[in-house]
Amino acid sequence: LDTWIYLIAFPIISFLTGYPVGRIFCLSIKYQQKFVERPGVLAALIYYSDLWGAALTALITACILIPILGFIGTLALAVGLVTTAIILAK
């Protein structure tokens, strides 16, 4: 029974976290497209920034946050930051 929970929960959690991130990338390019002349350069810059942000976040999380705050503390911090970002975006 535990294996089925993981087989069902992992794809659902992956979709619920990955889909919004993918949509944000597309929406950010669509929103900024009317302000720039070359949207291809904008897409490359946004993608470049996304990759660097992901790499730095993974490094900071693994090397600093989890050893200091623990897994639950790091998760709580991430939830707080995402919630704050959602509130500020409105």
Expected list for residues 61-89: side-chain donor-acceptor pairs under 3.5 angstrom, two or more places apart:
from  : atom 1 : to    : atom 2 : distance (Å)
Thr61 : OG1    : Thr57 : O      : 2.7
Thr74 : OG1    : Leu65 : O      : 3.3
Thr74 : OG1    : Gly70 : O      : 2.7
Thr83 : OG1    : Val79 : O      : 2.7
Thr84 : OG1    : Gly80 : O      : 2.8

Just distance, no hydrogens or angles: give the donor-acceptor pairs under 3.5 Å from side chains in residues 42-49, sequence neighbours left out.
from  : atom 1 : to    : atom 2 : distance (Å)
Tyr48 : OH     : Trp52 : NE1    : 3.4
Ser49 : OG     : Leu45 : O      : 2.9

Residues sharing Phe10's hydrophobic cluster, by side-chain heavy-atom contacts under 4.5 Å among ILVMFWY, directly or via others?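 Answer for Phe10: none, a lone residue.
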With ILVMFWY side chains joined below 4.5 Å, transitively, what does Phe15's cluster contain besides itself?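 Other cluster members: Ile8, Ile12, Leu16, Tyr19.
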